[in-house]
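Take a look at the structure below.
Proteins come first, then strands; the chains are lettered A, B, ... in the order of their sequence lines, and each starts at number 1. Fair warning: this is a prediction, and the values are worked out from it, not measured in the lab. Values below: all heavy atoms of this structure, side chains included; hydrogens, waters and symmetry mates excluded.
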Amino acid sequence: MPELPEVETVRGGIAPHVVGRRVVRVIVRDRRLRWPVPTSLGNELPGQTFRSVTRRAKYLLLSADRGTVILHLGMSGSVRIVPRDTPPAKHDHVDIVMDNGYCLRLRDPRRFGALLWSRADPISHRLLRNLGPEPLGADFTSEYLFRVSRGRRIALRDLLLDSHIVVGVGNIYANEALFAAGLRPQRAAGRTTRAQCAAIVAAVRRTLTRAIRAGGTTLRDFQNVDGLPGYFQQTLQVYNRKGEACPRCGSRIKGLRIGQRSAFYCPDCQL
DNA sequence: CTTTTGACCTGACAGC
DNA sequence: TGCTGTCAGGTCAAAA
């Protein structure tokens with residue numbers, strides 16, 4: 001469910017409730033997430049204080065005194081800050097109880113998310129080690145994108161989804177950014193010019209930045225920490241708008257499948 | 001090496 | 001009211 005803007009929205013939402021708080025205990029009701037929630041989390045985290053909440057790709061990193069909680073929301077994960085005695089709902093799998101009477105509660109119906117504990121630097125964790133550059137960072141440049149796309153027949157949409165190329169971009173924002181760049185999602189990545197790569201990079205950055213400002217996109221069930229939806233879906237130009245009028249030229253937006261996942265584009269605005 | 005496919009899960013929704 | 005089929009914002013591992 002969440003892409004970079006949604007994860008960033010969650011990061012900003014939980015940070016003020018978490019940083020400086022000491023963990024009292026960890027309650028695991030169901031450890032069967034994408035990988036089992038490690039017993040070391042419950043053994044080692046209590047007694048430690050959270051020092052910062054940062055993000056790498058779609059991972060949230062809750063740094064404590066002698067380790068880091070690595071949290072990924074998968075497709076359906078969400079976190080809330082609730083009073084510790086709030087009865088858990090279905091799919092509320094883990095509580096991290098803090099010393100102020102509140103807890104960080106993780107809900108994840110599909111259980112594609114992950115909650116891990118890293119004693120060492122989380123950046124060298126096997127899940128984070130081989131990730132590509134941050135899309136809003138200085139390393140994601142048109143020259144970089146041009147270089148890594150040479151000789152690739154993969155669809156542009158799928159190149160943007162590849163976390164080894166660039167992180168944080170999911171299916172919604174990949175489609176939206178390619179609309180903004182004027183390139184069809186199914187176009188072969190290798191068949192792009194330097195100028196087109198520059199347009200893609202600029203479009204990715206602008207799309208993500210705007211979405212963060214809007215508090216993310218809520219299509220079905222994304223909620224921020226306060227239980228409120230994001231507002232960027234009102235700004236979506238093509239995603240999930242098959243058959244509707246292109247906001248730029250009025251043509252009918254097309255939908256197609258690339259691999260197993262749907263893609264959307266305007267046949268007149270995108271080459 | 002690149003690209004595609006299958007796998008992991010539950011829930012919402014459309015259509016009958 | 002049910003049933004069935006389809007789809008979903010992620011991403012890893014294995015197959016081709």
Side-chain angles (χ1 to χ4, degrees), chain A residues 1-10 29-37 55-60 70-79 89-93 106-116 125-132 135 147-178 185-191 204 207-208 211-212 214-224 229-243 255-264:
Chain A
M1 152 182 36
E3 304 184 35
L4 185 150
E6 291 73 42
V7 177
E8 191 59 34
T9 298
V10 170
R29 298 184 197 84
D30 191 343
R31 54 177 81 253
R32 298 172 304 163
L33 299 185
R34 173 144 200 194
W35 296 280
V37 178
R55 179 191 57 73
R56 170 72 174 117
K58 295 170 187 165
Y59 294 93
L60 284 172
I70 300 175
L71 171 61
H72 195 293
L73 299 174
M75 288 280 268
S76 59
S78 60
V79 289
K90 195 176 180 183
H91 307 306
D92 285 348
H93 303 314
L106 172 64
R107 175 179 302 181
D108 188 358
R110 293 178 73 178
R111 308 205 313 271
F112 287 177
L115 186 63
L116 301 168
H125 190 278
R126 67 174 192 90
L127 292 173
L128 308 195
R129 200 185 320 158
N130 297 315
L131 293 173
R147 176 165 53 79
V148 298
S149 59
R150 291 313 87 188
R152 303 281 310 257
R153 316 157 67 127
I154 188 179
L156 273 177
R157 197 282 310 265
D158 287 337
L159 190 79
L160 293 179
L161 291 184
D162 184 347
S163 62
H164 300 102
I165 299 293
V166 62
V167 301
V169 182
N171 201 28
I172 294 178
Y173 299 117
N175 279 278
E176 290 297 306
L178 287 170
Q186 68 270 39
R187 167 188 282 261
R191 295 182 59 84
V204 166
T207 304
L208 295 177
I212 291 170
T217 299
T218 299
L219 274 187
R220 293 169 185 77
D221 53 6
F222 172 71
Q223 290 189 341
N224 67 20
Y231 295 98
F232 194 72
Q233 70 281 3
Q234 296 161 14
T235 313
L236 294 179
Q237 310 286 294
V238 290
Y239 187 86
N240 227 359
R241 294 196 182 283
K242 178 180 178 179
L256 77 158
R257 271 185 173 266
I258 303 173
Q260 326 284 25
R261 321 187 64 187
S262 49
F264 304 89

Minimal non-hydrogen separation, [X] against [Y], with atom names:
X	Y	answer
A/R107	A/K90	NE-O, 4.3 Å
A/Q237	A/E176	N-OE1, 2.7 Å
A/R261	A/L161	NH1-CD1, 3.7 Å

Would the distance check show the side chain of [X] and the main-chain N or O of [Y] forming a donor-acceptor pair, the cut-off being under 3.5 Å?
X	Y	result
A/Q186	A/I258	no
A/D158	A/A155	no
A/R111	A/R32	yes
A/R150	A/G190	yes

Whole Å only: how far is the [atom1] atom of [X] from the [atom2] atom of [N]?
X	N	atom1	atom2	result
A/L160	C/dG9	CG	P	15 Å
A/N130	C/dA13	CG	P	11 Å
A/K242	C/dA8	NZ	C1'	16 Å
A/L131	C/dT11	CG	P	9 Å
A/Y173	C/dG9	OH	C1'	8 Å
A/D108	C/dG10	CG	C1'	11 Å
A/R34	C/dG10	CZ	C1'	7 Å
A/L161	C/dC12	CG	C1'	14 Å

Separation of the P atoms in C/dT6 and B/dG6, to the nearest angstrom =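 Approximately 15 Å lies between the P atom of C/dT6 and that of B/dG6.
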request  = Pick the P atom in C/dC7 and in B/dT5, then give their distance to the nearest Å.
outcome  =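 Between the two P atoms, the distance is 15 Å.
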Name the nucleic acid region contacted by [X], choosing base, sugar-phosphate or nothing; use a 4.0 angstrom heavy-atom cut-off, strictly under.
X	result
A/L219	base
A/S262	sugar-phosphate
A/R153	sugar-phosphate
A/G170	sugar-phosphate
A/F232	nothing

query = Hey, where on DNA chain B does chain A first and last touch, going 5' to 3'? Cut-off is any atom under 4.0 Å from a heavy atom.
reply =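 Extent of the interface on DNA chain B: B/dT2 to B/dG11.
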query = Going by heavy atoms in the side chains, are A/I70 and A/L127 under 4.5 Å from each other?
reply =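 Sidechains of A/L127 and A/I70: no contact.
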query = Side chains of A/F232 and A/T9: does their closest heavy-atom pair fall under 4.5 Å?
reply =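 They are not in side-chain contact.
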Below 4.0 Å: OP1/OP2 of [N] and any side-chain N or O of [X]:
X	N	result
A/R257	C/dA8	yes
A/H72	C/dG10	no
A/S76	C/dG10	no
A/Y239	C/dG9	yes

Side-chain atoms of residues 163-174 of chain A: list all donor-acceptor pairs with protein atoms under 3.5 Å, sequence neighbours left out, distances to 0.1 Å.
from: A/H164; atom 1: ND1; to: A/D162; atom 2: OD1; distance (Å): 3.1
from: A/N171; atom 1: OD1; to: A/R157; atom 2: NH1; distance (Å): 2.9
from: A/N171; atom 1: OD1; to: A/N175; atom 2: ND2; distance (Å): 3.1
from: A/N171; atom 1: ND2; to: A/S262; atom 2: O; distance (Å): 3.0
from: A/Y173; atom 1: OH; to: A/E6; atom 2: OE2; distance (Å): 2.6
from: A/Y173; atom 1: OH; to: A/T217; atom 2: OG1; distance (Å): 2.6

message = Does A/R29 have more than 12 heavy atoms from other residues, nucleotides or ligands lying within 6.0 Å of its CZ?
response =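 For A/R29, atom CZ is crowded (more than 12 foreign heavy atoms under 6.0 Å).
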inquiry  = Applying a 3.5 angstrom cut-off to the pairing atoms, does DNA chain C sit in any stems of at least three consecutive Watson-Crick or G-U pairs? List them by first number.
reply    =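 Consecutive-pair runs (3 or more) involving DNA chain C: B:2-8 with C:10-16, B:10-16 with C:2-8.
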query = Given that A/R126 and A/F112 both sit by DNA chain C, which one's nearest nucleotide is further toward the 5' end?
reply =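 Here A/F112 is the residue nearer the 5' end.
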key: No-H, no-angle donor-acceptor pair, A/R261 side chain to C/dA8 base, under 3.5 Å   =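 Absent.
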